[in-house]
Amino acid sequence: MTMIKGYRRPDGKVGIRNHLLLLPTVVCANQVVNRIQQQVPGSVAIPHQHGCSQVGDDKERTHKVLVGMGKNPNVGAVLVVSLGCEVMNAEQIRDEIAETGKPVIWIDIQDEGGSVNTIKKGTEIAKELEQKIASIPYENISLSELIVGVKCGGSDATSGLCSNPALGRTSDMIIDKGGSIVMGETTEIIGAEHILAEKAVNEEVTKKLYDSIAKFETEIERMGVDMRGSNPSPGNIEGGLSSIEEKSLGCISKAGTAPLQGVVDFASEIPGKGFYFMDSPGNDIECVTGMAAAGIQLVCFTTGRGTPTGNPIVPVIKISGNEVMAKRMADNIDVDTSPVLQGKESLQQAGERIFKEIVSVASGELTKAEILGHQEFSISRIGISL
C-alpha cells in the first residue's frame with residue numbers, strides 16, 4: 001500500500017496541507033483580509049472580485065466556490081470576513097463550512113466599526129486559529145484517499161506527444177492504488193469528446209458529457225463568437241498546435257485509460273472513486289479553482305509554453321515535455337518529461353517519475369509554485385453584473 005502524509009479532519013476527509021484560510025465574502029472585504037494575512041504570515045487569503053451585484057445561478061456559483069474552498073480538506077480552519085451589505089450570506093457560508101467540524105469564525109466589517117477594528121480583531125482570531133490547527137496530528141494516510149486534478153495550460157506540440165500521455169500513465173497508477181482523478185476543461189475536449197464518451201460507464205454519464213459540450217457551444221453561439229478564433233490561442237499555435245481537435249486529443253490523454261465514472265458540475269464535490277470529469281472553463285485559474293472548491297487535494301498541471309500559476313490551498317505540480325522551456329523556466333517546472341522525446345525514457349517511466357513526485361508533494365514537499373508563493377484564485381462567472 002502506498003502511503004502519504006496528511007491531516008485527518010473531523011468529517012473523516014484527509015488534507016495534505018493544513019492551511020488557515022482567510023475568506024472574504026465580497027470584494028469590499030479584500031483589503032481587510034489582505035492586511036490580516038500580512039499580520040499572520042502562515043495564513044492564506046483568497047481575495048476575489050465578486051460577492052455583490054450578483055443574482056440567480058451566478059450568485060449561487062460564487063457561494064458554492066467560497067463554501068467549497070472553506071470545506072477543502074487542505075484547510076484546517078477558516079476566518080470569514082464580510083462587509084455586511086453584500087448579496088453573499090456570510091452566516092450561511094460560515095454554517096455550511098462548519099458542517100465539516102473544523103473551526104470557522106465570522107466577523108463583519110460594518111458590525112466591528114470599520115476596517116481598522118476588523119483588522120485588529122481578525123488578526124487576533126487568526127493567530128488563535130493558527131495555534132489551534134498547529135496541534136492537529138500529521139498521520140500516515142493511504143494514497144487511496146487522494147483526489148488529484150489533472151490540468152493542462154499553455155500547451156504546445158510536446159504536451160500531446162509527451163507530458164499529457166505521461167501524466168495519463170500516472171493517472172492509471174493513482175486509480176490502481178484506489179485514488180481518484182478529476183479532469184476539467186469542457187472547452188478543451190471539443191473534437192475529442194466522442195473518445196471520452198466511449199469510456200463512460202453508462203448512458204447517463206455519456207449524455208451529461210455531451211450536454212456539457214452543447215451548453216457551452218450554445219452560449220458561444222449566443223454571443224456571436226466563433227471559439228475557434230481564440231482556441232488554440234496564439235501561444236498554442238506558435239508552439240506547434242494547429243487546431244482545437246489536435247489540442248483536445250492531447251488534453252484527454254492525461255486522464256489515462258480508466259472508465260469515466262461521472263460528470264460533475266463546476267466546484268461540485270466528487271461523489272466516488274475513479275475518474276470523473278468536471279464541467280468547467282478551460283481557463284487555467286478558474287478550472288483549478290473549481291477543482292479546489294470540489295475538494296481535490298492536489299493538481300498535476302502540464303505545460304509546454306510555461307505557466308507559472310498555483311492555487312492558495314492546493315499544491316500544483318508543473319510538468320513539461322518541452323526541454324528548452326523546462327530549462328529556461330526551471331524555477332517553475334517540477335517534472336521535465338522531455339527525455340521521452342529524446343528516446344531516453346518511455347512514457348511509462350516518465351509517468352512513474354510523476355507518480356513519485358505526487359507521493360512526495362502529498363507528504364509535505366513543496367511544489368515550485370508553492371515555494372514562489374503562487375496563489376492565483378478566480379471564480380468563473382455565468383451572469384452579468386447588476
Locate the shortest heavy-atom distance separating [X] from [Y]; write the atom from each residue and the value.
{"X": "P24", "Y": "V33", "result": "CB-CG2, 3.7 Å"}
{"X": "A90", "Y": "W106", "result": "CB-NE1, 3.3 Å"}
{"X": "G122", "Y": "I107", "result": "CA-CD1, 3.6 Å"}
{"X": "G321", "Y": "L341", "result": "O-CD1, 3.6 Å"}
{"X": "A77", "Y": "I133", "result": "CB-CG2, 3.6 Å"}
{"X": "L79", "Y": "A126", "result": "CD2-CB, 4.4 Å"}

Side-chain donor-acceptor contact under 3.5 Å, [X] with [Y]:
{"X": "T367", "Y": "D334", "answer": "no"}
{"X": "K344", "Y": "S338", "answer": "no"}
{"X": "R61", "Y": "S380", "answer": "yes"}
{"X": "D336", "Y": "S320", "answer": "no"}
{"X": "R9", "Y": "N18", "answer": "yes"}
{"X": "T158", "Y": "D156", "answer": "yes"}
{"X": "T257", "Y": "D172", "answer": "yes"}

Original post:
Could you walk me through whether T309 and D284 pass the side chain to side chain donor-acceptor pair (under 3.5 Å) check?
Top reply: CA-CA 8 Å; T309 56; D284 299 340; 5.2 Å; no
When rounded to the nearest 0.5 angstrom, what distance separates [atom1] in [X] from [atom2] in [Y]?
{"X": "I319", "Y": "K254", "atom1": "CD1", "atom2": "NZ", "value": "10.5 Å"}
{"X": "K318", "Y": "E357", "atom1": "NZ", "atom2": "CD", "value": "12.5 Å"}
{"X": "I36", "Y": "K121", "atom1": "CD1", "atom2": "NZ", "value": "11.0 Å"}
{"X": "L347", "Y": "C162", "atom1": "CG", "atom2": "SG", "value": "6.5 Å"}
{"X": "Q38", "Y": "I119", "atom1": "CD", "atom2": "CD1", "value": "8.5 Å"}
{"X": "F355", "Y": "I358", "atom1": "CZ", "atom2": "CD1", "value": "7.0 Å"}

**OP:** Could you list the residues that satisfy salt bridge (Lys or Arg N to Asp or Glu O under 4.0 Å) with E130, not counting sequence neighbours?
**Re:**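 In terms of salt bridge (Lys or Arg N to Asp or Glu O under 4.0 Å), with neighbours along the sequence ignored, E130 is linked to no residue.
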Subject >> salt bridge (Lys or Arg N to Asp or Glu O under 4.0 Å) involving D108 - partner list, sequence neighbours excluded >> reply: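 Expected list: none.
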Ignoring hydrogens and geometry, is there a side-chain-to-backbone donor-acceptor pair from [X] to [Y] under 3.5 Å?
{"X": "Y7", "Y": "V75", "answer": "no"}
{"X": "S248", "Y": "A192", "answer": "no"}
{"X": "E376", "Y": "G310", "answer": "yes"}
{"X": "T307", "Y": "T303", "answer": "no"}
{"X": "Q297", "Y": "I147", "answer": "yes"}
{"X": "S212", "Y": "K208", "answer": "yes"}
{"X": "T186", "Y": "S280", "answer": "yes"}
{"X": "D265", "Y": "S268", "answer": "no"}
{"X": "T2", "Y": "L143", "answer": "no"}
{"X": "Q37", "Y": "L22", "answer": "no"}

Is it true that [X] and [Y] make a salt bridge, defined as a side-chain N closer than 4.0 Å to a carboxylate O?
{"X": "K71", "Y": "E99", "answer": "yes"}
{"X": "K327", "Y": "E323", "answer": "yes"}
{"X": "E204", "Y": "K207", "answer": "no"}

Original post:
Going by heavy atoms in the side chains, are I141 and I16 under 4.5 Å from each other?
Top reply: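 I141 vs I16: side chains apart.
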More than 12 heavy atoms of other residues, nucleotides or ligands under 6.0 Å from [atom1] of [X]: is that the case?
{"X": "E139", "atom1": "CD", "result": "yes"}
{"X": "R8", "atom1": "CZ", "result": "yes"}
{"X": "Q31", "atom1": "CD", "result": "yes"}
{"X": "Q349", "atom1": "CD", "result": "yes"}
{"X": "E203", "atom1": "CD", "result": "no"}
{"X": "D95", "atom1": "CG", "result": "yes"}

Subject >> Chi angles and distances behind the side chain to side chain donor-acceptor pair (under 3.5 Å) call for E86, T25 >> reply: CA-CA 8 Å; E86 62 269 43; T25 58; 2.5 Å; yes
Hphob cluster co-occupancy, [X] + [Y], side-chain heavy atoms under 4.5 angstrom:
{"X": "M183", "Y": "V316", "value": "no"}
{"X": "I296", "Y": "L146", "value": "no"}
{"X": "I189", "Y": "M278", "value": "no"}
{"X": "I270", "Y": "F275", "value": "no"}
{"X": "V148", "Y": "F277", "value": "yes"}

**OP:** For the residue pair F377 and H48, categorise the inter-ring angle as parallel (less than 30°), tilted (30 to 60°) or perpendicular (more than 60°).
**Re:** perpendicular
**OP:** Could you go through the side-chain contact (heavy atoms from CB on, under 4.5 Å) check for D211 and V263 one step at a time?
**Re:** CA-CA 10 Å; D211 285 349; V263 177; over 6 Å; no
**OP:** Quick one: do E345 and R353 satisfy salt bridge (charged side-chain N to carboxylate O under 4.0 Å, His left out)? Show the steps, please.
**Re:** CA-CA 11 Å; E345 186 178 49; R353 281 200 293 123; 2.7 Å; yes
Original post:
For N72 and R17, what are the C-alpha separation, side-chain angles and deciding distance, and is it a side chain to side chain donor-acceptor pair (under 3.5 Å)?
Top reply: CA-CA 10 Å; N72 186 292; R17 297 293 185 266; over 6 Å; no
**OP:** Start with the C-alpha distance between I382 and F266, add both sets of side-chain angles, then the distance that settles side-chain contact (heavy atoms from CB on, under 4.5 Å), and finish with yes or no.
**Re:** CA-CA 11 Å; I382 51 177; F266 184 76; over 6 Å; no
**OP:** Let me see the working for T100 and K13 under side-chain contact (heavy atoms from CB on, under 4.5 Å), right down to the final yes or no.
**Re:** CA-CA 9 Å; T100 60; K13 295 183 179 177; over 6 Å; no
Subject >> Worked check of side-chain contact (heavy atoms from CB on, under 4.5 Å) between I105 and V80 >> reply: CA-CA 6 Å; I105 294 181; V80 178; over 6 Å; no
Subject >> Stepwise side chain to side chain donor-acceptor pair (under 3.5 Å) test for Q54 and T62 >> reply: CA-CA 9 Å; Q54 293 181 270; T62 296; 2.9 Å; yes
